[in-house]
Amino acid sequence: MAGIVKPPGEFSITPHKVSVCILLQIYAPSAQISFHFPFASVAQHNRLGLFLLALTKSCDDILEPKLDELIGQLREVFGVLNPRFIDHLTTRLSALSSPDDLFNFFSEMRGILGSPESGALEDEQVILDPASNLGMFLRRCILAFNLLAFEGVCHLLTNIGVYCKEALSSCASYETTCFEDSSSNLEAFPEYENMDLENFVFKKVTEEIEARKRASERVSFHLHAPKALFNLVEDIEAPADPKSKHGDKVGEASSYVHPPDYALREFEPNSGIFLRTNWQIQGYLQEQADALEKNGSSFSLNAFELILRQLHKLAPELHRVHFLRYLNSLCHDDYFAALENLLRYFDYSAGTEGIDFVPPASGSNSFGRYEIALLFLGMMHFQFGHPKQALEVLTEAVRVSQQLSNDTCLAYTLAAICNLLSEIGVSSTAGILGSSFSPLTSIGISLSVQQQLFVLLRGSLKRAESLKLKRLVASNHLAMAKFDLTHVQRPLVSFGPKASMKLRTCPTNVCKELRLSSHLISEFSFESSTMTTDGAFSTAWLKNLQKPLGSAILSQENGSGSNENAFQFCVQPSSIPGSVLQLIGSSYLLRATAWELYGSAPLARINALVYATCFTDASSSSDAALAYVKLIQHLAVFRGYKGSVKKPNFSSCKKLNQVCCGEVLGGKKRLQEMVVLCANVTVMDADKGQMRYTPILKSSIVHFKLCLNITDPNVGLEAFAALKLAEEKFLSVSKSRILILKLQLLHERALHRGHLKLAQQVCDELGVLASSVTGVDMELKTEASLRHARTLLAANQYSEAAAVAHSLFCMCYKFNLQVENATVLLLLAEVHKRSGNAVLGLPYALASLSFCQSFNLDLLKASATLTLAELWLSLGSNHAKRALSLIQGALPMILGHGGLELRARAYIAEAKCYLSDPSFSVSENSEVVLDPLSQASVELQVLEYHELAAETFYLMAIVFHKLGQLEEREEAANSFKKHMMALENPLDDEDPLFNVL
Amino acid sequence: MNSKESCRSELRIAIRQLSDRCLYTASKWAAEQLMGIEQDPANFTPSNTRFQWGSSSIRRRFRTNEITSTPIAGVSYVSTPVMEEDDAVDGDFYLLAKSYFDCREYRRAAHVLRDQTGKKSVFLRCYALYLAGEKRKEEEVIELEGPLGKSDSVNCELVSLERELSTLRKNGSIDPFGLYLYGLFLKEKGSETVARTVLVESVNSYPWNWNAWSELQSLCTTIDTLNSLNLNNHWMKDFFLASAYQEIRMHSESLAKYEYLQGTFGYSNYIQAQIAKAQYSLREFQQVETIFEELLRNDPYRVEDMDMYSNVLYANECSSALSYLAHRVFMTDKYRPESCCIIGNYYSLKGQHEKSVMYFRRALKLNKNYLSAWTLMGHEYIEMKNTPAAVDAYRRAIDINPCDYRAWYGLGQAYEMMGMPFYALHYFRKSVFLQPNDSRLWISMAHCYETDQLRMLEEAIKCYRRAANCNDREAIALHQLAKLQYELGRPEEAAFYYKKDLERMEAEEREGPNMVEALLYLATYYKTQKRFDEAEVYCTRLLDFTGPEKETAKSLLRGMRTTQSGFPSMDVEHFSP
């Protein structure tokens, strides 16, 4: 009883099929019937045949065209001659007024089928071979009709009546009927009534309607190729040459992409007659699930819920709807609804519907698969930030799947636990992770969370490998890389000769894991049994779905045309499931993060860029936002905050894309395809005077601009401008990440310009975000208090700053956030430096240095070295030499990869070292001091870092004074004065972003 | 009593008006209440009553008009409105239509009235059309078993009917009965707030239509909506409130209302049954049983509410009484969902779960939304260890009524059986939330926390405490509490609970292993606490039992004596020879 899916593909007779039959009769009139349509030419006759062929092939579509749509298609195909067909069609249809008419009609239909033995043919006669496609269709129709009981015939009759009537009425005024449809919609009322109570504002309605439109636009799955493809093909193809069979078919296929606006009608109660098979509905749901996952919160909660509820009303036995409702509420952070729907889904389906249910071979497992329910529940708790509960549920999932020996589920559950442990700060798992599965607790050794995580990761990886779950293997490798990146590998059992253990992270390990993870794309072929961790569904299931749908038509048709390359290339991305692309994408993101930490700016940038260019289509919007955030941060650090926006040109866009895509997809063949494609694009450019984007190129112009800017130094675009663009792009989606970025930039800038009040305000905002209800984001939490400490430091409240930093250090230590530890220690050193306690600062700087060393954080190490040098310098002029050598050691790293601020600080420190060295004389070697100073002053002015800029000019003025260059001295002094003024009287003149806050 | 008299006459008129409009359920209900009023022996001789019931139609009609013209109702009550009568020719049409209607030829009836504009005719036409549509819909449900299930059939008359009635309402030419229909249509359409206001309007102007009240009640699922209704004061309102309170699980309030109503309607079977329902929810099975015995004596062919009686009999394990009841309803009307449910219960009690499931299935075929059949079927599946089917059945029950704590509880049990205690907890929490006074639920939940996998003992203790506070019949909670406290190393608290448990057992005169355990623990506890007097009392009590504990008690006693006497015992030994 639980979760029984009805057999797919029931062929039932519908009004649309009746009209196809009528057209068939026109195409192949039987000998007995008196009328024959005089076709203008053989070509026209053939065209009708092709048209019919296409119609019969798409008869399993989820949507059947309405009569007026059919008429429209006929008009398109046949041009002038059409009225005859159409008149005939409508008169035949409206002549069907009694059950007997239908009986006669179908017995007439039987007449046009040629019998196999009737060898003698008249010349003109077209005989429908019963074994041909059209013949089969006709026979199926007749059979379906004969199977109907009298009630069924009556229903068909009324449906035909409705079908004709709608066509007649909707011809006149589509707009009004459409409007009425939505207003008289039975379901709409309670929805809006409820919202009335929740301060429902009118604005929301329009938003909703738009969202609904958007949602409906996505329904294009019955032909598994993006619409853009057809546009492309149509453009290339010379129109309608009947001889060129191939081209004609493609053209036709494209005209049968139903206008997506009609998708909604499907779910209105009164159009229920057009509902198709279970598979198709499931396909729709699948599509929506993917879209939900990708676009997250850009879905309108209520609009989609409305559709789902109607769907549920129409198909109460289809429990997958509940799952979609779960996903929907998950995306909108509605905990209660999500929980409710998740439980409901699994109660009904017992985990045996949809997610590639393979009926178990042995009878022992026939009692449903509730362990999957546990897995999902755990994921949900994780998503909502209930780590403890999530852990409990997942532990139970482990137990149950062990009991039921569901290894796949076990592997995924272990992966989920790893994910949980690494993402969310759990200080101790004692008492939660029971003794049931951890192999080590049996020896009686208590492990830290990290050690446990490591053991788990290993186990999970091994299990996934032995089960051949490729995606899981890849994601486990990713998790491994993440672990290697942030955790020192300590020996699990702490005895024996410690000397043999390396207490540091190993970048090569990270790279190795990353590389292993991205092998996935090349070896991706077929996974026998899968489910993914975050609500994406299995490909196996998807593939089953595709079979009865339209993909067969497509694969036949891309035979051997000249446009094969483009065609294949466009089809390519859709053949790699989204989840795989997503995984690969996240490996790039992780690479970017890794390089950021290791301190290679160009590599970090290129990886983020690759992600933004190639994977934004496949990825979820929050990941995409993250990539943009990285890029923008990069801009801010290296290019300052404000500037003029120049217009980018598209040719370099194309070049860039080409390179990136080639690199990502790897292999020469793809690169070639890429080149061909780009050539196509260029050709079209020339032809049409406008750019058309193929799926992989179609991401919005915004990110072209962004990407371009980072690679091409000639186009000046600074962080704020880029941020504006990004905000536009992610208007509704993942607001928080962009918001955080905005706050970060604002804070940074306020600190530089000395707007301490503003900085404090922004900092508080950030703190509010960090203590949000949706989960504890440790990263954000550390970030917020780090910034707090820095603000306090900037306000010269040393002891407070030190206290905050200290407590932050404690927290990081507790949750094993080693990388952050290094930063915090550096900050503490900085605090002591600024407060004049250089001696106290030294140990902190050294500790930070050693942290950096063991984690290979090169850039941070360089900046720690710089701080160390500054500390030495402030101990007195006799340490200047030592400081100088330190700085010079760090300079290559700083100049190669450091941001503007760091570089400027290094320059200043270097100059100061020279100046304070008693053996150094300015007059002899003035350029050794002046060069770095002037460099620093330029960079600091870009940053608007008034304090340091003032210092620089002060030093410059002194140097010039010593050199006796009075004019220059005056100039530097003036600049100094200007910066001091700016620092003391902060002007809130044009803060472009703050007003948006 | 005047109010009784006025109720009586109001009801008499109402019954005629209702049955004249073919609202048979409502008129049946009203007639039951009429008979529920205590007859005045002075005014009514047996012949008099008989005459009254058997009066000719002309006369009745005459009487109706006579009575309505004189105001009879009390001050605060609305008086019976004078219903508009269509003139003679229309009346003939109406008579024909009504006879068609009585023969269940709805469309024909509606057709006869197609040109009539009287309010009564309009009402009957709409009602007939609505019923015709409903009938068609049900047929379609059976006919159309499409690939996606079957509930896509709708009553196709609804839209036009609703439109017609809404214009009538705007014109103001609509009577309370029309309003009732309008409310019904609006409810079906899904616009609940409007439906509620319309129905309130209807019952305010004509309170005797129970159908309207029950539609209204089905729209009031929370206490807030109930309180926000603006209802005129009338005794029918009390009936409504009582039943609405019951639905939103305010059982004692509802009971109070019914008891108040019993003052007037002392003999009403309906009220009796409703009281039984409330008592059942309060788990006073003994009372429910007596009420139902009484009911069956007065009304032996009653099938309504008898499924609840069967539940009570089931709970009390009276299989012979249950079989008698089952046989009785079977002979009365075997194709009523209630009958099937009773038979299912009978088989379940007999341990024949397959058969019982079959009968529950039959009940569900007769009424897809029959809540208790789903739940009971879930129980059967649990017995048969078919957990997925049980889960499915329970879930359906919940979808029909999300406040059914039994189904939530059943789901919890099912998942616990599958070894998913943490998952089950959510369901237990739900059921406990809905029925916080049921100790069984708390105990199950505590048990769940206690399982080896979870071992969340603190939470378990909290649950057991709740259970102990709400009259735990099986007396599990106290014992478990004591044990858990001991396990957690809190001997004083353990002693406290053992003592309490002991007191309880004494009060209920029960003996058993629990008693022995409690005594033994207390004895050792007090001994370690050096409170030897108390320890001795418990030890001596232990001596009454047979088994190893007796020996332990003896040795305890011996040990205590030696420590108590200390040196003296040595002395005794010393001086003994």
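Quick note on labels: first sequence line is chain A, next is B, and so on, each numbered from 1. Bear in mind the structure is a predicted one, so any value in this text is a computation, not a measurement.
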Of the backbone (N, CA, C, O) and the side chain (C-beta and beyond), which part of [X] lies under 4.5 Å from a heavy atom of chain B, both, or neither?
| X | result |
| --- | --- |
| A/A397 | neither |
| A/L339 | side chain |
| A/V393 | both |

How close do A/D347 and B/L411 get, heavy atom to heavy atom, and via which atoms?
->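 Looks like OD2-CD1, 3.7 Å.
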Would you please name every residue forming a side-chain contact (heavy atoms from CB on, under 4.5 Å) with B/R455, sequence neighbours left out?
->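 By the side-chain contact (heavy atoms from CB on, under 4.5 Å) rule, B/R455 matches B/D452, B/L457, B/E487.
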Mind checking side-chain contact (heavy atoms from CB on, under 4.5 Å) for B/P402 and listing every partner two or more places apart, or none if nothing turns up?
->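 side-chain contact (heavy atoms from CB on, under 4.5 Å) list for B/P402, sorted by chain: empty.
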Counting only heavy atoms closer than 4.5 Å, note whether B/Y415 contacts chain A via side chain, backbone, both or neither.
->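 B/Y415 touches chain A through side-chain heavy atoms alone.
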When rounded to the nearest 0.5 angstrom, what is the spacing between CZ in A/R344 and CD1 in B/I398?
->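 Interatomic distance, A/R344 CZ to B/I398 CD1, rounded to 0.5 Å: 8.5 Å.
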Residue pairs passing the salt bridge (Lys or Arg N to Asp or Glu O under 4.0 Å) test where at least one lies in residues 407-420 of chain B, sequence neighbours excluded |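 Residue pairs passing salt bridge (Lys or Arg N to Asp or Glu O under 4.0 Å), neighbours aside: none found.
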Using non-hydrogen atoms and a limit below 4.5 Å, what part of residues 419-430 of chain B faces chain A?
->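 Residues B/G419, B/M420, B/P421, B/F422, B/Y423, B/H426, B/Y427, B/K430 are the ones that qualify, each having a heavy atom under 4.5 Å from chain A.
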